[in-house]
Amino acid sequence: VVPGETALAFYKAKNPTDKPIIGISTYNVIPFEAGQYFNKIQCFCFEEQRLNPQEEVDMPVFFYIDPEFAEDPKMAKVDLITLSYTFFEAKEGQKLPLPGYQ
Amino acid sequence: MSTAMNFGSKSFKPRPPDKGAFPLDHFGECSAFKERFMECLRDSGYESGACRQRAMAYLECRMERQVQLMANEPLEKLGFKDLIDEKSEAKPEK
């Protein structure tokens, strides 16, 4: 991936149970300091997503790394950025702590 | 310090996506486009830049569904301007 260039990545999720699950996911970026350069244009995260029994779906993320990443001396040794998602089962009334997002 | 341990007040603040969430493609309407994109990635040794045409095709698929899986957005604004310009140079009359 080149900083500044938009890129597409896919994750896959499966609901192995026989009941529909409503989930919501949040993400993490490692190394921590690279997180500020990671810009998501669109993804499957933050909103509730319903997975039917046994359903398996592709989950796309469309993103770019801020070009300023290449100018940051602290990032000079970073050549691998790992993006991970955690899928939580959404409970009624549960909201992820995201000030200002609705 | 390049350790990933975060003591003190610095915590990771997730930011929502610029254009919101993708609806799930429950019926796999764009799976074929996704497969073609993944095939390209594997063949290119996971070089994202080599597969932008197919990434663009995947997003176009999402936009073109009867029940949209992605809001219409000019592809130039999604970082594909150079690919669009190439396309229109190749076909002068549309």
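All values below come from the heavy atoms of this structure, side chains included, with hydrogens, waters and symmetry mates left out. To find a chain, count down the sequence lines: A is the first, B the second, and so on, and within it residues start at 1.
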Let me check something: do B:Y46 and A:V1 share a hydrophobic cluster, defined by ILVMFWY side-chain heavy atoms less than 4.5 Å apart, either directly or through other members? no

Shared hydrophobic cluster for A:F63 and B:F22 (ILVMFWY, side-chain gaps under 4.5 Å): no

Interface residues of residues 9-19 of chain A facing chain B - heavy atom cut-off under 4.5 Å: A:F10, A:K12

Note, A:D58 side chain near B:D25 side chain (heavy atom, < 4.5 Å): no

If Ile, Leu, Val, Met, Phe, Trp and Tyr residues are connected whenever their side-chain heavy atoms lie under 4.5 Å apart, and connections chain through other members, are B:M63 and B:F80 in the same group? yes

According to a 4.5 Å side-chain heavy-atom criterion applied to Ile, Leu, Val, Met, Phe, Trp and Tyr, with indirect links allowed, do A:I65 and B:L41 form part of one hydrophobic cluster? no

For residues 77-88 of chain A, run the donor-acceptor check on the side chains, cut-off 3.5 Å, and write out each pair with its distance to 0.1 Å, sequence neighbours left out.
none

Can any side-chain N or O of A:E47 pair as donor or acceptor with the backbone N or O of B:P23 at less than 3.5 Å? no

Tell me, for B:F37 versus chain A, whether the close heavy atoms (under 4.5 Å) come from the side chain, the backbone, both or neither. side chain

Do you know which two heavy atoms are closest between B:P17 and A:C43, and how far apart they sit? CG-SG, 3.8 Å

I need the residue from B:M38, B:M70, B:E47, B:R52 with the largest number of non-hydrogen atom pairs under 4.5 Å to chain A. B:R52

With a cut-off of 6.0 Å (strictly less than), are more than 12 heavy atoms of other residues, nucleotides or ligands near CD of A:E68? no

The reported gap from OG1 in A:T6 to CE in B:M56 (rounded to nearest 0.5 angstrom) is 10.0 Å

Sort A:V57 into side chain, backbone, both or neither according to what part of it lies under 4.5 angstrom from a heavy atom of chain B. side chain

Okay, A:E55 and chain B: the region with an atom under 4.5 Å from a heavy atom over there is side chain

Taking side chain as everything from C-beta outward and backbone as N, CA, C, O, which of these in B:R62 sits under 4.5 Å from a heavy atom of chain A? Side chain, backbone, both or neither. side chain

Please look at A:F62 and chain B and tell me whether the side chain, the backbone, both or neither of the residue comes under 4.5 angstrom of a heavy atom of that chain. both

Please rank A:L51, A:L8, A:V61, A:N39 by heavy-atom pairs under 4.5 Å with chain B and give me the top one. A:L8

Answer whether the closest heavy-atom distance between the side chains of A:Y27 and B:R15 falls below 4.5 Å. yes

Verify same cluster id: A:F38, A:F69 (apolar side-chain graph, 4.5 Å): yes

Tightest non-hydrogen contact, residues A:Q42 and B:G20, listed as CG-O, 3.1 Å

